> 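Structure incoming, see below.
Please read all numbers here as calculations on a predicted model, not as lab measurements. Chain letters run A, B, ... following the sequence lines, proteins first and then strands; every chain starts at 1.
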Amino acid sequence: MLRFLRNRLNNNLDRGDLKMKVSQLLLPTLREAPAEAEIISHQLLLRAGFIRKSAAGVYTLLPLGLKVIKKIEAIVREEMNREGAQEIIMPIIQPSELWQESGRWNVYGPELFRLEDRHGRVFCLGPTHEEIITDLIRNEVQSYRQLPLLLYQIQNKYRDERRPRFGLIRGREFIMKDLYSFDRDEAGLEVSYQKMFNAYRRIFERCGLYFRPVEADSGAIGGSDTHEFMVLAETGEALLVFCSQNDCGYAANVERAASPVKKRVDFEEPGLLEEVATPGKRTVEEVTLFLNVEPQKLIKTLLYETEAGYVAALVRGDRIINQVKLQKALGVLRCDLADAEVVERLSGARVGFAGPVGLKDLRLVADLEVMEMANAVSGANKDDAHFINVNPGRDFNPDQVADLRQVQAGDPCPICGSDLEEARGIEVGQVFKLGYKYSKALGANYLDEKGASIPICMGSYGIGVTRTMAASVEQNHDQNGIIWPVSIAPYQALVVPINTREDEQFILAEKVYELLLNAGVEAVLDDRQERAGVKFKDADLIGYPLRLIIGKQAVESSNIEVFQRKNGQTITVPLEQIVSFVKDYCRQI
RNA sequence: CGGGAUGUGGCGCAGCUUGGCUAGCGCGCUUGCCUUGGGCGCAAGAGGCCGGGGGUUCAAAUCCCUCCAUCCCGACCA
């Protein structure tokens, strides 16, 4: 009896949650995309009625948008729990004191939303939760017996982006899953890291995404090893390189990718350092054309402003400097190109004529490749003049030599030496080995078997949930709209009565709809008094994986047309088999 | 934060250069008729502080100043 009641209750609950007719859904589709939407995922999510903008980088999730988010969250939860992680929820509002303690209050900069309560106490809206969780752990974990520990939450995050853009891809408020691992030592961290790495693979696979993990830079969060999970897409903000040799497997964010230097092969006799007039020739292109030399013969000199003073950085003329590498090499937090006025004061010449020879009062850092150059051209630190036959070591000596240049397609792979290829990616997840940065700063220690107090070894692991939804659209769409993978589709199937005035069609449609609901399929019935064309257009736009069409044919023959959004094909399924067909379809994908 | 652009019914736009009728068009919305397998047709409607404030002028969507918002490019970031 009890079981019977419980079953009934469950059925009712399920039905209540699932049952929905399009006429009652808040599903405002648009024929035209709002002008502000630039990229396809933003346009389609707006047009299909999944999201609406509230402010720059801040969005409301409408019913269907929320359904997708919940699907993604459910997959994330399953895979986190499978690895033994425990879910918690931490506050969005965080006291500034903790951030002072970790040292990030001043480091994080204007990106941190800061606010004050009525008593003048200062808080921030959490962009990430290392401080809060480390504070929790230092209070609650004392013994090695309590480790390892994996804790996560799915929570709103806040970052006051300089430039929110691309809709959900770069918002100021977004949903993120963040997990933190706590281990006794690096060996334990390695295990946790691998667990998460594998879980992330499964999550993005289950979300139907084409992605790649790549080596990455650790940025402001700090730490050593880190990988980013990149959904490959033309509109991705990140530039990646990967090895063209399939079995090599090297892949990295260009911010991180190391660039091995090809040693100089042909030795050149050093010529005489000489100043030549280059009136008005400021850019690499102008100078090379004027002097009739190749760009790789030029030494490009860029002046940067850092919190530790001004720096001159040198790279070859045909190279791009990688600011992340530069920042790391210099060990500074801030690193911006100096403005024209500063350049003039420091180099004694207008912008475009700075060079390493005779540059004073500046820290000089050269790219590895620059040191291999011979008889190069550089600015003379004098208006309208360049030096020729500049030779590193003879004419100037940098204070530091480091890998500064940004890797490009065609460069050799640092592992196997094959050519590197470029691609763009949307970062949907990142795994970090934090090490002891936060546990030491905040004093999160445990006692080992011998009673020694040892800092906890930490890792942190993020997934941008809202971003994952957008990335999926970016990857799964056609001219007509979104093509959701079944695993994260807002509904699995749409039932469309073609002519709602034909009672028989409508009754059959309702019957099919009920059959699906009873079988646990997430279905929706388009009961609107609209022409078939309108319903089809909306259905394509919204991206339901399956569309069951109930028209004349269905009524007469009890055969139902099933349109598959993914491949655009329609097949006919007898009414008796329709439920099992839909269930099988949803399972197999 | 620097550079550029744009703000006119829910969405997409015109009008602004050269100030002047009642501010237009397409889509959407409401009502009626009609139609019903890919955004159907006809008719009648509703809906605007022309981003805000200030100025110039007899008169401002239109010219000037200022603020705000939004988008793009750059610099930064998960």
Side-chain angles (χ1 to χ4, degrees), chain A residues 28-39 42-43 46-47 49 52-58 107-112 126-130 157-167 169-172 174-178 216-221 226-230 236-238 253 255 304-305 321 323-324 327 333-340 425-432 460-468 471 480-481 496-502 505-506 528-541 547 549-555 561 563 568 570:
Chain A
T29 55
L30 300 171
R31 266 202 217 198
E32 289 174 283
E36 69 199 30
E38 185 80 356
I39 64 168
H42 192 192
Q43 292 174 350
L46 284 168
R47 280 190 57 207
R52 284 294 182 267
K53 187 177 70 173
S54 182
V58 182
V107 174
Y108 220 93
E111 202 138 290
L112 197 58
T128 171
H129 281 72
E130 281 83 3
K157 293 280 189 286
Y158 296 84
R159 296 185 192 175
D160 194 359
E161 291 286 342
R162 285 179 182 205
R163 183 138 101 85
R165 60 181 152 172
F166 301 150
I169 300 272
R170 179 161 300 272
R172 294 193 292 174
F174 55 99
I175 301 170
M176 183 166 158
K177 185 283 308 184
D178 47 327
D217 180 76
S218 56
I221 293 188
T226 174
H227 288 84
E228 291 167 334
F229 285 76
M230 294 286 186
E237 293 179 278
N253 191 317
E255 288 178 354
Y304 284 89
E305 188 177 348
I321 205 155
Q323 215 156 306
V324 175
Q327 216 161 314
L333 296 168
R334 205 166 51 75
C335 183
D336 299 303
L337 267 177
D339 47 40
I426 299 167
E427 183 195 340
V428 288
Q430 185 160 18
V431 289
F432 282 103
S460 91
Y461 315 82
I463 289 179
V465 174
T466 31
R467 185 183 273 187
T468 297
N480 297 319
V496 185
I498 289 299
N499 187 340
T500 39
R501 289 160 99 176
E502 298 283 342
Q505 287 185 24
F506 199 78
R528 294 176 299 169
Q529 304 282 322
E530 289 283 0
R531 295 165 61 88
V534 173
K535 296 184 183 180
F536 290 158
K537 286 285 183 193
D538 268 350
D540 284 342
L541 180 60
R547 183 150 88 223
I549 301 163
I550 317 293
K552 227 180 268 169
Q553 196 192 102
V555 171
E561 290 168 58
F563 173 85
T570 302

> What is the base-pairing partner of B/rG7, counting Watson-Crick and G-U wobble geometry with both distances under 3.5 Å?
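Because both required distances fall under 3.5 Å, B/rG7 counts as paired with B/rC68.
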
> Taking atom P in both B/rG52 and B/rG10, compute the distance separating them and give it to the nearest angstrom.
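Comparing P positions in B/rG52 and B/rG10 gives a spacing of 13 Å.
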
> Nearest 0.5 Å, please: how far is CZ in A/Arg170 from CZ in A/Arg162?
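Reported value, rounded in 0.5 Å steps: 11.5 Å.
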
> Closest to the A/Gln323 side chain: B/rC76, B/rG38, B/rC77?
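Output: B/rC76.
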
> B/rC77 phosphate, OP1 or OP2: any side-chain N/O from A/Arg170 under 4.0 angstrom?
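False: A/Arg170 side-chain N/O out of range (4.0 Å or more) of B/rC77 OP1/OP2.
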
> Is A/Gly171 touching bases, backbone alone, or none of the nucleic acid, heavy atoms closer than 4.0 Å?
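Here A/Gly171 touches the bases of the nucleic acid.
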
> Would the base of B/rG28 count as contacting A/Arg47 through its side chain, where contact means a donor and an acceptor less than 3.5 Å apart?
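Per atom types, no contact qualifies.
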
> Once you apply the 3.5 Å cut-off to both distances, tell me the Watson-Crick or G-U wobble partner of B/rC50, or none.
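Per the H-bond distance test, none.
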
> What is the distance, to the nearest angstrom, from the CG atom on A/Asp178 to the P atom on B/rC77?
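In whole Å, B/rC77 P lies 20 Å from A/Asp178 CG.
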
> Taking a pair as Watson-Crick or G-U wobble with both distances under 3.5 Å, which nucleotide is matched to B/rC25?
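B/rC25 is paired, partner B/rG12.
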
> Roughly, in whole Å, what's the span from CZ in A/Arg163 to P in B/rU70?
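Rounded to the whole Å, the gap is 13 Å.
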
> Does B/rG74 pair with anything, Watson-Crick or G-U wobble, both distances under 3.5 Å, and if so, with which nucleotide?
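Matched B/rG74 with B/rC1 under the 3.5 Å cut-off.
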
> Pick base, sugar-phosphate or nothing for A/Glu237, based on heavy-atom distances below 4.0 Å to the nucleic acid.
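Since no nucleic acid heavy atom lies under 4.0 Å of A/Glu237, the category is nothing.
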
> B/rG39 base to A/Asp538 side chain: any donor-acceptor pair below 3.5 Å?
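In this structure, the two groups form a donor-acceptor pair.
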
> When we call it a touch if two heavy atoms are under 4.0 Å apart, what does A/Gly551 touch: a base, just sugar-phosphate, or nothing?
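Answer is base: heavy atoms of A/Gly551 come under 4.0 Å of a base.
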
> Please tell me which of the listed nucleotides, B/rC72, B/rG37, B/rG39, lies nearest to the side chain of A/Glu38?
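Nearest nucleotide to the side chain: B/rC72.
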
> Enter the distance from A/Ile426:CD1 to A/Arg467:CZ here, rounded to the nearest 0.5 Å.
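Reported value, rounded in 0.5 Å steps: 8.0 Å.
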
> Check every strand shown and say whether A/Ala37 touches a base, only sugar-phosphate, or nothing at a heavy-atom separation below 4.0 Å.
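Since no nucleic acid heavy atom lies under 4.0 Å of A/Ala37, the category is nothing.
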
> What residues, two or more places apart in sequence or in another chain, satisfy ring pair (Phe, Tyr, Trp, His ring centres under 6.0 Å) together with A/His129?
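Residues passing ring pair (Phe, Tyr, Trp, His ring centres under 6.0 Å) with A/His129: none at all.
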
> Using whole Å, what does the distance between atom P of nucleotide B/rG28 and atom CD of A/Glu32 come to?
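Rounding to the nearest Å, CD of A/Glu32 and P of B/rG28 are 10 Å apart.
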
> What distance, rounded to whole Å, do you find between the two P atoms, one in B/rC29 and one in B/rC76?
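After rounding to an integer number of Å, I get 47 Å for this pair.
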
> Mind checking A/Arg172 for me? I need base, sugar-phosphate or nothing, with any heavy atom below 4.0 Å counting as a touch.
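Touches nothing.
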
> Classify A/Ile549 by what it touches in the nucleic acid, base, sugar-phosphate, or nothing, heavy-atom distance under 4.0 Å.
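Base contact - A/Ile549 has a heavy atom under 4.0 Å of at least one base atom.
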
> Quote, to the nearest angstrom, the C1' distance that separates B/rC1 from B/rU18.
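The answer is 38 Å between these two C1' atoms.
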
> Round to a whole Å and report the spacing from CD of A/Glu36 to C1' of B/rG10.
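It is 13 Å, rounded to the nearest whole Å.
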
> Evaluate A/Thr500 against A/Lys535 for side chain to side chain contact (heavy atoms under 4.5 Å, CB included), listing each step before the verdict.
CA-CA 12 Å; A/Thr500 39; A/Lys535 296 184 183 180; 3.6 Å; yes

> Any donor-acceptor pair under 3.5 Å linking the side chain of A/Arg159 with the backbone of A/Leu112?
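Checked: no pair found.
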
> When the P atoms of B/rC16 and B/rG7 are compared, how many Å lie between them, rounded to an integer?
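Each nucleotide's P atom is 13 Å from the other's.
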
> What distance separates A/Thr128 OG1 from A/Met176 CE, expressed to the nearest 0.5 Å?
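The CE atom of A/Met176 is 5.5 Å from OG1 of A/Thr128, to the nearest 0.5 Å.
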
> What's the closest nucleotide to the A/Ala56 side chain, out of B/rC11, B/rC71, B/rC73?
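Out of B/rC11, B/rC71, B/rC73, the nucleotide with an atom closest to A/Ala56's side chain is B/rC71.
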
> Checking side chain to side chain contact (heavy atoms under 4.5 Å, CB included) for the pair A/Val496/A/Arg547: CA distance, chi angles, key distance, verdict?
CA-CA 7 Å; A/Val496 185; A/Arg547 183 150 88 223; 3.8 Å; yes

> Using a cutoff of under 3.5 Å, can you pull out all pairs of nitrogen or oxygen atoms linking the protein to nucleotides 40-46 of chain B, with atom names and distances?
| from | atom 1 | to | atom 2 | distance (Å) |
| --- | --- | --- | --- | --- |
| B/rC40 | O4' | A/Arg531 | NE | 3.4 |
| B/rC40 | N1 | A/Arg531 | NH1 | 3.4 |

> Please state how far atom CZ in A/Arg165 lies from atom P in B/rC72, giving the value in whole angstrom units.
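After rounding, the gap between these two atoms is 8 Å.
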
> Apply side chain to side chain contact (heavy atoms under 4.5 Å, CB included) to residues A/Asp178 and A/Tyr461 and explain how you reach the verdict.
CA-CA 6 Å; A/Asp178 47 327; A/Tyr461 315 82; over 6 Å; no

> Between B/rG53 and B/rG38, how many Å separate the two P atoms, rounded to a whole number?
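Approximately 49 Å lies between the P atom of B/rG53 and that of B/rG38.
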
> When you compare B/rG41 with B/rU66, how far apart are their P atoms, in angstrom units rounded to a whole number?
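One P to the other, the span is 49 Å.
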
> Got a sec, which residues hit ring pair (Phe, Tyr, Trp, His ring centres under 6.0 Å) with A/Phe229, two or more places apart in sequence or on another chain?
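So A/Phe229 forms a ring pair (Phe, Tyr, Trp, His ring centres under 6.0 Å) with A/Phe197, A/Tyr200, A/Phe204.
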
> Rounded to the nearest angstrom, tell me the gap between atom CG in A/Leu30 and atom C1' in B/rC29.
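Taking atom C1' of B/rC29 as the reference, CG of A/Leu30 is at 13 Å.
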
> Is there a Watson-Crick or G-U wobble partner for B/rA43 with both distances under 3.5 Å, and if so, which one is it?
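Here B/rA43 is engaged in a pair, and the nucleotide opposite it is B/rU31.
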
> Does B/rU56 have a Watson-Crick or wobble partner in any strand here, with both distances under 3.5 angstrom, and which is it?
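Checking every strand shown, B/rU56 finds no partner, since no pair has both distances under 3.5 Å.
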
> Picking from B/rG38, B/rC77, B/rC72, which would you name as closest to the side chain of A/Glu255?
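Closest of the options to the side chain of A/Glu255: B/rC77.
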
> For B/rA60 versus B/rG19, give the span between their P atoms, rounded off to a whole number of Å.
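Pairwise P distance, B/rA60 against B/rG19, rounds to 13 Å.
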
> With nearest nucleotides of RNA chain B determined for A/Thr29 and A/Glu427 from heavy-atom distances, which residue corresponds to the more 5′ nucleotide?
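Result: A/Thr29.
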
> Please give, in whole Å, the distance from B/rG38 P to A/Glu530 CD?
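The distance from CD of A/Glu530 to P of B/rG38 comes to 14 Å, rounded to the nearest Å.
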
> Evaluate side chain to side chain contact (heavy atoms under 4.5 Å, CB included) for A/Tyr158 paired with A/Val58, printing each intermediate quantity in order.
CA-CA 10 Å; A/Tyr158 296 84; A/Val58 182; over 6 Å; no

> Got a second to check how far A/Ile498's CD1 is from A/Arg531's CZ, nearest 0.5 Å?
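With rounding to 0.5 Å, CD1 (A/Ile498) is 11.0 Å from CZ (A/Arg531).
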
> Can you check the distance between B/rC50 and B/rU62, where both ends of the measurement are the P atom (answer in whole Å)?
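The same atom, P, in both gives a distance of 10 Å.
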
> How do A/Arg528 and A/Arg467 order along RNA chain B: which one's closest nucleotide is nearer the 5' end?
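Residue closer to the 5' terminus by nearest nucleotide: A/Arg528.
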
> Rounded to whole angstroms, how far apart are NZ on A/Lys53 and P on B/rC11?
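It works out to 10 Å between those atoms.
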
> For the side chain of A/Lys537, counting heavy atoms from C-beta on, which of B/rG39, B/rC77, B/rC71 is nearest?
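Nucleotide nearest to A/Lys537's side chain: B/rG39.
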
> Using a 4.0 Å heavy-atom cut-off, does A/Glu161 contact any base of the nucleic acid, only the sugar-phosphate backbone, or nothing at all?
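Base contact.
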
